[in-house]
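Worksheet for the structure shown next.
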Amino acid sequence: QAQLQALAPMAPVNCFSVIDSTNQYLFERVNQLSAGESCLAECQTAGRGRRGKPWVSPFGCQLILSMYWRLEQGMAAAMGLSLAVGVAVVEALESLGYPGVELKWPNDLYYQGRKLAGILVEMSGSAGASCHLVIGIGLNLAMPSQQGEKIDQAWSELRQVQPELVDRNQLAACVLLHLQEAMQTFEQSGLASFVESWNRLDYFAGQPVKLLMGEQVIRGIARGIDDRGALRLETDEGVKLYLGGEISLRRG
Ligand code: BTN
């Protein structure tokens, strides 16, 4: 914590009661933002999830935040970034006394086998130029059960990890500081410095899994990630590597 507070002062934090999407808010303003500027809201009316899915964000029940960053090295250098973000968020939670949160490849936070938080990294830019990144996080704190029915997969919430929740401002500040620090590290050395931590937090480590790629199903044992963020799958033909995209991973 002390080390984190020694970082540069926080960039502006834009807070809203209701917004369409915190990612959208930052995306519309990328040319006016400085790295680390963020947006927080109590509720989103058009929250975005991965693969074009909506993200259900009822009022006051989640930590809903997005942070802007500019990557001078360009888009290609952003590969694996969302995995580094996952590590940063879990480590922020650990530092606040929430143990046992894990990562499911590529970038969901899991608690006791159920999704606790999702990460959506959106980017824009042209080849050879710096790129704009918007990192969005939706973390379930205490969800009303009737709202939870709208969510299409098993979910968990932070109050299950620790019934006494820390103050939400403190939680937001801690996550933002860890994210800022992670982005500085990522800019300098890419995903490599996060791989060991990611593998420590891997929900499927050493377990039989199946990879779903369209109609194709590939079975193997999950063996963590490599330096690019590719999933290492031990199959009968040796260890194979799979990079994100339209792949999903299930217990096999
Ligand atoms: C996922 O599908 O798992 C990713 C969900 C990301 C949701 C967050 S909530 C804050 C930010 N704003 C959005 O519209 N989406 C992200």
Side-chain angles (χ1 to χ4, degrees), residues 13-30 33 36-69 78 80-90 92-93 101-111 113-124 132-143 147-148 150-158 168-169 171-176 178-180 182-183 198 201 203-204 212 229 231 244-250:
V13 180
N14 302 280
C15 297
F16 295 90
S17 175
V18 181
I19 199 166
D20 49 359
S21 153
T22 53
N23 265 31
Q24 181 64 24
Y25 175 86
L26 294 180
F27 229 97
E28 281 166 2
R29 292 164 177 79
V30 287
L33 301 174
E37 185 152 351
S38 59
C39 178
L40 272 92
E42 293 276 7
C43 166
Q44 297 181 119
T45 53
R48 299 206 282 257
R50 290 175 62 228
R51 301 160 191 235
K53 285 191 186 171
W55 179 259
V56 179
S57 344
F59 193 92
C61 304
Q62 295 177 344
L63 178 71
I64 298 167
L65 67 80
S66 301
M67 193 178 83
Y68 170 76
W69 206 267
L81 170 71
S82 61
L83 286 90
V85 170
V87 171
V89 180
V90 175
L93 294 175
V101 179
E102 295 174 302
L103 291 168
K104 177 178 167 280
W105 187 85
N107 52 13
D108 287 340
L109 270 71
Y110 260 47
Y111 180 67
R114 291 158 177 265
K115 183 160 169 168
L116 178 70
I119 294 166
L120 176 68
V121 177
E122 297 182 284
M123 52 188 106
S124 71
H132 301 291
L133 295 168
V134 175
I135 301 159
I137 295 156
L139 168 68
N140 297 334
L141 302 177
M143 299 277 281
Q147 286 285 346
K150 294 184 193 155
I151 303 172
D152 66 354
Q153 58 181 305
W155 53 273
S156 58
E157 48 190 1
L158 202 60
R168 266 195 313 163
N169 291 335
L171 178 63
C174 183
V175 170
L176 286 171
H178 274 82
L179 269 181
Q180 264 196 33
M183 287 309 300
W198 200 97
L201 298 166
Y203 167 63
F204 277 134
L212 313 178
L231 177 79
E246 292 307 302
I247 308 178
S248 58
L249 186 60
R250 306 257 195 290

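Throughout, residue positions are numbered sequentially from 1 according to the sequence presented. We count ligands from 1, going down the list as the structure has it; atoms in each ligand are counted the same way.
- For Gln62 and Trp55, the side-chain atoms include at least one donor-acceptor pair closer than 3.5 Å.
- Residue contact check: Gly47 has heavy atoms under 4.0 Å from atoms 14 (O) of ligand 1.
- At under 3.5 Å, a nitrogen or oxygen of Thr22, whether backbone or side chain, sits near a nitrogen or oxygen of ligand 1.
- Listed by number with element, the atoms of ligand 1 under 4.0 Å from a non-hydrogen atom of Arg48 are 5 (C), 6 (C), 7 (C), 13 (C), 14 (O), 15 (N), 16 (C).
- Atom 2 (O) of ligand 1 has its closest protein heavy atom at Arg50 N, 2.7 Å.
- Residue, atom and distance of the protein heavy atom nearest to atom 3 (O) of ligand 1 are Lys115 NZ, 2.6 Å.
- Contacts with ligand 1 closer than 4.0 Å are made by no heavy atom of Gln62, backbone or side chain.
- For the pair Val175 and Ile137, the minimum side-chain heavy-atom distance is below 4.5 Å.
- Between Asn23 and Ser66, the side chains place a donor N or O and an acceptor N or O closer than 3.5 Å (distance only, hydrogens not considered).
- At least one side-chain heavy atom of Leu103 sits under 4.5 Å from a side-chain heavy atom of Leu109.
- For the pair Gln44 (side chain) and Ile19 (backbone), a donor-acceptor distance under 3.5 Å is absent.
- The nearest protein atom to atom 5 (C) of ligand 1, hydrogens excluded, is given as Trp55 CE3, 3.3 Å; this is a heavy-atom distance.
- For Phe27 and Tyr68, the ring centers sit 6.0 Å or farther from each other.
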Taking it one step at a time, do Glu122 and Arg50 satisfy salt bridge (Lys or Arg N to Asp or Glu O under 4.0 Å)?
CA-CA 10 Å; Glu122 297 182 284; Arg50 290 175 62 228; over 6 Å; no
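- Remark: distances from the non-hydrogen atoms of Ser66 to ligand 1 include one below 4.0 Å.
- Short contacts between ligand 1 and Asp108, defined as distances under 4.0 Å to a heavy atom of the residue, involve ligand atoms 3 (O).
- Using a 4.0 Å cut-off between heavy atoms, Gln44 contacts ligand 1 through its side chain alone, with no backbone atom that close.
- Looking at Leu65 against ligand 1, only its backbone comes within 4.0 Å, counting heavy atoms.
- A cation-pi geometry, defined here as NZ or CZ lying under 6.0 Å from the six-membered ring centre and within 45° of its normal, does not hold between Arg114 and Tyr111.
- Short contacts between ligand 1 and Ser21, defined as distances under 4.0 Å to a heavy atom of the residue, involve ligand atoms 12 (N), 13 (C), 14 (O).
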